[in-house]
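Structure, as structure tokens:
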Amino acid sequence: MDLEHVSDDFTRVLYTEADIERRLQELGAQIDQDYDGKELLLIGVLNGAVMVMADLSRAMNSHCHMDWMAISSYGSGTKSSGVVRILKDLNTDISERHVLVVEDIIDTGLTLSYLLSNLASRGPASLEIMTMFRKPEALENRVDVRYVGFDIPNEFVVGYGLDFGGRYRNLKGVATLAPHVYS
Ligand code: IMP
């Protein structure tokens with residue numbers, strides 16, 4: 001879905017499809033360089049990371065494998081609590097593998113902290129994180145993220161995998177919602 005089709009729903013467009021593509025090309029090249037000679041396993045966190053996974057993996061020029069996890073984070077409204085349940089586990093044994101977790105957005109980092117300790121206990125050769133978007137609270141909580149697409153303000157955003165009530169995931173860019181949509 002193009003941003004202009006639903007522009008009345010937004011107060012501000014943060015990133016267009018072109019901005020996102022440009023940044024992913026940079027990150028893909030960086031990842032190729034950092035993992036030179038190693039075969040990477042990308043782990044996408046459903047549902048939000050579908051778009052990032054598809055575009056990041058294609059921005060890379062080295063072989064990579066892909067697997068998925070689905071987790072549900074219990075929270076009130078738009079905030080997560082860090083209490084996480086695994087809805088779908090990996091199909092892959094990650095021991096001795098080089099793992100890069102691919103996330104859509106890190107807000108508090110609570111969801112990710114749980115996921116990381118769970119994955120670390122499975123003995124990967126290395127374990128790093130890539131996120132397309134990161135909010136300021138994640139920085140305060142010192143979540144160690146190796147690759148960040150964009151640091152964004154502490155606002156609720158939609159598009160490029162990020163939803164509000166299940167909608168807007170298929171939006172090509174990322175925007176902040178207008179109050180009339182959520183009130
Ligand atoms: P955290 O545990 O606070 O880091 O929450 C991360 C999860 O909250 C993400 O994977 C999203 O599902 C959701 N989330 C956080 N901020 C936003 C947002 O601005 N828009 C849409 N979803 C968000």
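As the structure lists them, so they are numbered: ligands from 1, and atoms in each ligand from 1.
- The existence of a salt bridge linking Arg146 and Asp34 is confirmed by a sub-4.0 Å separation between a basic side-chain nitrogen and an acidic carboxylate oxygen.
- Val158 does not count as a contact of ligand 1, since none of its heavy atoms falls under 4.0 Å from the ligand.
- Closest heavy-atom approach to atom 7 (C) of ligand 1 within the set Val174, Thr131, Thr111: this belongs to Thr111.
- Listed by number with element, the atoms of ligand 1 under 4.0 angstrom from any heavy atom of Asp107 are 1 (P), 3 (O), 4 (O), 5 (O), 15 (C), 16 (N).
- Here the CG-CG distance, from Leu14 to Asp19, works out to 9.5 Å after rounding to the nearest 0.5 Å.
- Ligand 1 has a nitrogen or oxygen under 3.5 angstrom from a nitrogen or oxygen of Val157.
- Residue Met53 holds its CE atom at 11.0 Å from CE of Met130, rounded to the nearest 0.5 Å.
- When heavy-atom distances to ligand 1 are checked against a 4.0 Å cut-off, Lys135 comes that close only through its side chain, counted from C-beta outward.
- Panel note: side chain Arg58, backbone Ala54; a donor-acceptor pair is recorded below 3.5 Å.
- Using a distance-only test at 3.5 Å, with no hydrogens or angles considered, a donor-acceptor pair links the side chain of Asp32 to the main chain of Asn61.
- Between the CZ atom in Phe156 and the OH atom in Tyr182 there is a gap of 10.0 Å [rounded to 0.5 Å].
- Contact annotation: Asp163 has at least one heavy atom less than 4.0 Å from an atom of ligand 1.
- Ligand 1 has no nitrogen or oxygen under 3.5 angstrom from a nitrogen or oxygen of Leu112.
- Per-residue contacts place Glu155 under 4.0 angstrom from the following atoms of ligand 1 (heavy atoms of the residue considered): 19 (O).
- Looking at Asn170 and Tyr160, their side chains never bring a donor and an acceptor atom within 3.5 Å of each other.
- Assignment of Gly109 to the shell around ligand 1 is supported, since a heavy atom sits closer than 4.0 Å.
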